[in-house]
Amino acid sequence: MFEMVRVSLRHWVQAFFLALTLYGWYRLYLFVRHFDTGGATPYVPRPESVDAFLPIGALVALKNLVVNGAVDTTHPAALVLFLAIAGSAFLLRRGFCGWVCPVGAVSEGVSRVGAALGGNLSMPPWADRPLRVVKYLILAFFLKLVLLDMPAAAAREFLQSPYYKVVDAKLLDFWLSPGQLTLSFLLILLLLTLAFRNFWCRYLCPYGALLGVLASLGPSEVRRDTSKCTTCRRCSKVCPSGLQVHRKQRVRTPECMGCMSCVSACPQGALEMRVAGRRASESALAGLIVGILFASAIAARLGGYWESGVTYMENAYYIPLRAFISH
């Protein structure tokens, strides 16, 4: 069981982005409903922030940019957000996972409920180590599929296809009307997260795996001053990734989410986050992560690489037909 935690700056930031995400999806629902009703409901501009949930499309867009020299105009915000998140991971560890990701926030919330109901179980080491590899295998599958196997022409065609033009609406349908298989998977994941802290983030999330790899190459780390440390293990107890922080002098593992929970929990001040050799406070780290995301979005909007290029008439035609559109 992990200790009940105070409502920290990190929790406020997580709550803000979770609320922002839910609001974005609600606006997408209104946007799609306008076209589903043939214009009978008011038109609401499409929220481009939902493109953050299109990482595979962003990966294809990145390949298209590199091999074809063309910028995706269908969902340009997807690549902008993907690069901003990747950049923040390289500089500030998996800070996106620990501070921003709404899925991670929900996962932590479910885990706290599990702790309150009877305590989280500890995954035995013989199972923990191989399970942590799973998300990297999933990541490798998608990287191979897009970066190695997909021809340059196929990448260009995918980004211009009717399927990709309505992929956000299809994703909305997926969550509003999940199938039996999806519901079964979510139920199993819920139960596993109640039992084992942050099960999805620790073992299954390929996005987190990618950010972890980038973070391990970057200039940030958590350092432990062994002369101050009393080995009370409070740092390890609060770590969302289940890391044995009290045993490490430097935490640079891809599993570290840069959440600074361990730093805040240390009663002796033996832990600190270092970015490029300089100490970073909790508020400074939060400001940098949030600043990178919002600055990227603002710059993209000003540069004309933010709003979708799908026209109103295309949406009016494709969205009502999306159930019949497949890639």
Side-chain angles (χ1 to χ4, degrees), residues 14 17-33 35-36 46-47 49-60 74-75 78 81-82 85 96-97 100-114 117 120-121 123 131-146 158 161-211 240 318-327:
Q14 285 180 310
F17 278 100
L18 178 58
L20 195 65
T21 299
L22 293 174
Y23 177 66
W25 281 101
Y26 174 65
R27 288 184 62 84
L28 179 65
Y29 165 77
L30 297 177
F31 171 81
V32 171
R33 182 166 173 75
F35 295 104
D36 280 342
R46 179 182 181 275
S49 60
V50 299
D51 284 351
F53 288 84
L54 305 176
I56 303 302
L59 198 59
V60 177
T74 301
H75 295 297
L81 292 169
F82 179 82
I85 293 169
F96 175 82
C97 299
V100 176
C101 180
V103 178
V106 171
S107 178
E108 287 193 44
V110 172
S111 294
R112 283 195 287 272
V113 171
L117 291 176
N120 300 124
L121 302 177
M123 187 69 70
L131 279 174
R132 287 185 187 270
V133 176
V134 173
K135 62 180 178 289
Y136 296 101
L137 294 177
I138 299 173
L139 171 64
F141 169 77
F142 285 117
L143 291 179
K144 179 180 182 298
L145 186 67
V146 174
F158 172 80
S161 67
Y163 174 85
Y164 194 55
K165 290 179 180 180
V166 295
V167 69
D168 50 349
K170 291 177 77 70
L171 186 58
L172 178 67
D173 292 339
F174 176 82
W175 290 115
L176 291 179
S177 303
Q180 186 64 44
L181 182 62
T182 300
L183 289 174
S184 299
F185 174 79
L186 291 176
L187 177 59
I188 293 172
L189 184 60
L190 173 64
L191 295 175
L192 287 171
T193 305
L194 285 170
F196 301 100
R197 190 178 184 188
N198 290 358
F199 190 90
W200 167 262
C201 302
R202 290 169 68 175
Y203 302 121
L204 298 178
C205 181
Y207 208 165
L210 173 63
L211 300 185
Y318 287 124
I319 287 179
L321 298 173
R322 64 188 178 279
F324 307 99
I325 299 175
S326 60
H327 178 57

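Nothing fancy with the numbering, it's 1 onward along the sequence.
Between Val32 and Arg322 the shortest side-chain heavy-atom distance falls below 4.5 Å. Leu186 places a side-chain heavy atom less than 4.5 Å from the side chain of Trp175. Taking 4.5 Å as the limit, every side-chain heavy atom of Val110 sits out of range of all side-chain heavy atoms of Phe199. Between Val134 and Ile138, some side-chain heavy-atom pair lies under the 4.5 Å cut-off. Counting only heavy atoms from C-beta outward, the side chains of Lys165 and Ile319 never approach each other to under 4.5 Å. With contacts defined as side-chain heavy-atom distances shorter than 4.5 Å, the pair Arg197/Arg202 qualifies. No side-chain heavy atom of Lys135 sits less than 4.5 Å from a side-chain heavy atom of Tyr203. For the pair Phe35/Tyr318, no side-chain contact is recorded, criterion being any heavy-atom separation below 4.5 Å from C-beta on.
Partners of Tyr26 according to the side-chain hydrogen bond (donor to acceptor under 3.5 Å, both in side chains) rule, which considers only residues two or more places apart in sequence or in another chain, do not exist here.
Taking each heavy atom of Ala52 and Pro55 in turn, the nearest pair found is O-CD, 4.1 Å. The shortest non-hydrogen separation linking Val100 to Phe17 is O-CB, 3.5 Å. What you find for Leu171 and Phe53 is that their closest heavy atoms are CD2-O, 3.9 Å. The heavy-atom pair separating Thr193 from Trp200 by the smallest distance is OG1-N, 4.5 Å. Taking both residues in full, the closest heavy atoms of Cys201 and Gly104 are given as SG-CA, 3.9 Å, listed atom of the first, atom of the second, then distance. Across every non-hydrogen atom of Leu81 and Ser49, the tightest pair is CD1-O, 4.0 Å.
With rounding to the nearest 0.5 Å, the separation of CZ in Arg27 from CG in Leu30 is 7.5 Å. Here the CD1-CG distance, from Ile188 to Leu183, works out to 11.0 Å after rounding to the nearest 0.5 Å. Atom SG of Cys97 and atom CG of Leu211 lie 5.0 Å apart (nearest 0.5 Å). Between Asn198 atom CG and Cys205 atom SG the span is 11.0 Å, to the nearest 0.5 Å. Atom-to-atom distance recorded for Leu189:CG and Leu204:CG is 7.0 Å, nearest 0.5 angstrom. Distance check, rounded to the nearest 0.5 Å: CG of Asn120 to CG of Leu194 gives 8.5 Å.
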- Pair Met123-Arg132, side-chain contact (heavy atoms from CB on, under 4.5 Å): steps then yes or no: CA-CA 11 Å; Met123 187 69 70; Arg132 287 185 187 270; over 6 Å; no
- Trace of the side-chain contact (heavy atoms from CB on, under 4.5 Å) decision for Val113 with Glu108: CA-CA 9 Å; Val113 171; Glu108 287 193 44; over 6 Å; no
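The aromatic rings of Phe82 and Tyr207 sit parallel, their planes meeting at an angle under 30°, below the 60° perpendicular limit. Classified by interplanar angle (parallel below 30°, tilted 30° to 60°, perpendicular above 60°), the ring pair Phe158/Tyr164 is tilted.
In this structure, the side chain of Ser107 does not engage the main chain of Val103 through any donor-acceptor pair within 3.5 Å.
Atom OH of Tyr136 is surrounded by more than 12 heavy atoms from other residues, nucleotides or ligands within 6.0 Å.
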